[in-house]
Amino acid sequence: MNEASVIQRAQSGDQAAFHELVRAYTKVSALTARVLLDNAADAEDAVQEAWLDVWRGLPTFQVGRPFRPWLLAVVKNRCHMLARRLKIPALPYDEASYGAIETVPSVEASLLGAGGDAFEDLQAALDALDPENARILALRFYADLQLNEIAELLDMPLNTVKTRLRRTLQLLRESLEREQRVQNGKR
Amino acid sequence: MSTNLDNDIEQRVQAHFTDRYGAPPEPDEVWIAISGRLGPQELPPAVTSRDGASGTPHRPGDTWLPLPGGPKPAQVRPSYVKHPLWRSFVMAASVVLALGVLAAGALGLAYMLDSRTPGPNAVMPTSVASPQTTAQIPEPPGQVIVEIEPDDWSLSGMLGLHHKNGIDTSITYNGKPSAYLKALSSEMNTYAELTNILSNAEEYAGKRIRFSAYVRSQDVQHLAGLWAQLDAISDEAPVFDGVQNRPIQGTTDWRKYSLTMELPQNATYVPVGLLLYGEGQVWIADARIELLDQNAPVLITPGSITTIYNPSFETGLVGWRWWHTPGGSSGGELTVDTDVAHSGDASVQLRADQLERGDQILLAQTIRAATYAGKRVRVSAYLKSENVTGDAVLWFGASMRHPGGGQITLAIDNMGDRPVRGTADWQKHEMVLDIPTEASHIDVGAILSGNGKVWVDDFAIEEVGNDVPTTGISMVEQPSNLSFDGDLAGWGRTGWAPGAYDYSTDTSTAYEGESSARIKSKSPFEGADQYTLLEQYLNAKQYVGKRVRVTGYLKSVDVRGVAGLFLRTYDLSGGQSVVDLSRLEDKQVTGTTDWGKYEVVMDVPDNTYAISYGLSITGQGEVWLDALALEVVGTDVPVTAPPGPVAP
């Protein structure tokens, strides 16, 4: 109930109210941008521009609708713009590769590494993750986003996000088990 | 993730990415970087004008009537307090424009820059008219406090991009240049002000002053006038205190206008100025503020601004603010309707035809709680509806500003349990709330959710006796009426669809005492996800930083959705946490059950200002609640579940 009134006040130019809004969402906006752009300085720029976009566009925002999805869309937009300007391959646009995920069985093999075995420890598995899976993992556990939010940010079908995350976690689980077995064996 | 292995993985993954991407930012890191760069905000879309021009030809000095070319009701925004740094924000906005930094983003956040060059309009008549004689009643003499020069005015109002102001050396008064304010585009229904601030107002606290000026107008389509905002303290909720002595319309020659007022005891700074609503141009000259004798007649005294201003919309939307959600230009509009009125010449029409579910048009005014604090107050107005497929309601709320920032709702009724739907003729609707003594502001208004047309007219506010039952929900100081032995006093009907349910006390089914509280879904029932709460909203001060337990007894018949006990906290930073047992599979009530005991244990965070608890039901069914208790417990009592943050 109070976020709606904070937004309403901010819509009317109340900067103190806008400050409250920025504080509440600074973390999720900053961490999301860092993952999307993979570069702290670029992410800072993108987040600041995103919040200025929010300030400017706030009078057209629909009070009562959830604010967070709108904010994430603005952050995504700024990250896209910056990535295009810098020509960094920050965000994949290739729809075809997403479609392929669901149908090509060799994806399992690529996730699992050479020979289809898990990695010898968790860190090795994390280091070897392909960038897309690493990004999904980071958005989930570092930026703390919901799966549907990740799907929106990466322009991926929700099922693709779920599948990739599930398989990545399975890989990590097996790698951690391996690591722990080795450690227990050493004792 | 629920296993230890998964917890390990989560932690290691977080550490891995924190290493790679960095530790979370400080809470104010972004704010510090952007706070100096906040420029103007995008305009909310214009209100579309009503079809058809009607009404008698307009003459200056007439009260508000349909104007030639069709009425264009002004989009009146509240006269927000101008931060002392307002001038620099306006300048920053000009710099932003000059750099052409504004660009269309993928979400369509675009500005429309006006490409006309600034400067007085060269084709304006240059004659200097001699001043008209001042009002027939001689004005009492005053001692000049300040003379406001043409370059002392700042442009303010939220829509500065579509107005121009400056000094006009060709339109003079008594040989001196004037200051002008012009609305740039005829498509924009906007308002802007030339403002000057009496910043040492505390020297005149409790005293009577007069703000006067000579004003000239050209083609003012809606209205203009002098205004002043009393009690303009920057952290207070916006309140329209401005009053226009005589609205200025059309094309008028130089004429003196004045506003007299008594400043409140706590006056700190008082903005005064010239407001322009809608299209047109105005000039102001010879503006001054004078100190009057304590016995001089004044138009506004602090006590006179606690009533609803312009309650019957006879001066259009002056004093009211309104907005859409969404802000899109299609789908909904709010206009002043001079063909349909409950009394007088006008009412306000809220109309929507393409709104999606959850979208709204809202009309509101905020007044000072002042003399109503600590009293039982009734707000009423008349509504007329046509094909309303959603809900049309009035609303009435009382709030206070917390010293540390944040606004706390102390009481509210938005007719959620009795909305107007369909087609109905003018009918009076009433809302009654106990206004807590600490309330500082009262909001009143109307809301249309969904499609249809509704007209509202004739607001009224008055104190009533304790024999008049209250409606809505108010904050209570102590838990009360926990056994419902009589009525539902102290309990509110809230949630998403309180109108889809019936509420009563039931003497035939009680866990203890004489009766219990009962909620039963109405037939036909509209949707499986409708839910409602029977809620008591309590001042949290005794419970802050403590662990509390709410206990209650529930019974159900044929609950096809879910029901349960809930406990919620509200904190000053705008967050809420709730544990709703209806959402927990092992604790929810479904189907038909006999009396069972339920409890929720939660820690009340430090900045909590209110707690609420009660009964939640989603979907169809009938459920009873009785024998509630709320108590502080020790930390040996386990909390029920981690509370979930609530999306507002």
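In the text below, chain A, chain B and the rest are named by the order of the sequence lines, each starting its count at 1.
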Do Pro25(B) and Arg34(A) have side chains that get closer than 4.5 Å, going by heavy atoms?
yes
With rounding to the nearest 0.5 Å, note down the distance linking CG in Leu129(A) to NE2 in His16(B).
7.0 Å
Tell me whether Glu26(B) at atom CD has more than 12 heavy atoms from other residues, nucleotides or ligands lying less than 6.0 Å away.
no
Greatest number of non-hydrogen atom pairs under 4.5 angstrom with chain B, of Ala134(A), Ala43(A), Ala143(A), falls to Ala134(A)
Partner set under side-chain hydrogen bond (donor to acceptor under 3.5 Å, both in side chains) for His19(A), not counting sequence neighbours
Asp28(B), Trp31(B)
Let me see the working for Glu49(A) and Arg37(B) under salt bridge (charged side-chain N to carboxylate O under 4.0 Å, His left out), right down to the final yes or no.
CA-CA 10 Å; Glu49(A) 292 306 317; Arg37(B) 299 170 57 197; 2.7 Å; yes
Less than 4.5 Å apart, any side-chain heavy atom of Leu176(A) and any of Arg12(B)?
yes
Return the option, out of Trp55(A), Trp51(A), Phe18(A), with the maximum number of heavy-atom pairs under 4.5 Å with chain B.
Trp55(A)
In terms of heavy-atom contacts, does CD of Glu152(A) have more than 12 from other residues, nucleotides or ligands at under 6.0 Å?
no
Can you say whether Ala10(A) sits under 4.5 Å from chain B via the side chain, the backbone, both, or neither, judging by heavy atoms?
backbone
Walk me through it: do Tyr21(B) and Tyr142(A) pass the test ring-ring contact (aromatic ring centres under 6.0 Å, His included)?
CA-CA 9 Å; Tyr21(B) 293 118; Tyr142(A) 170 71; 5.4 Å; yes
Of the listed Val22(A), Leu31(A), Leu172(A), Leu126(A), the one with the largest count of heavy-atom pairs under 4.5 Å with chain B is Leu126(A)
Taking side-chain contact (heavy atoms from CB on, under 4.5 Å) as the test, write out the residues that go with Arg68(A), two or more places apart.
Tyr25(A), Val28(A), Leu72(A), Leu145(A), Glu149(A)
Please flag which part of Ala16(A) lies under 4.5 Å from any non-hydrogen atom of chain B: side chain, backbone, both or neither.
neither
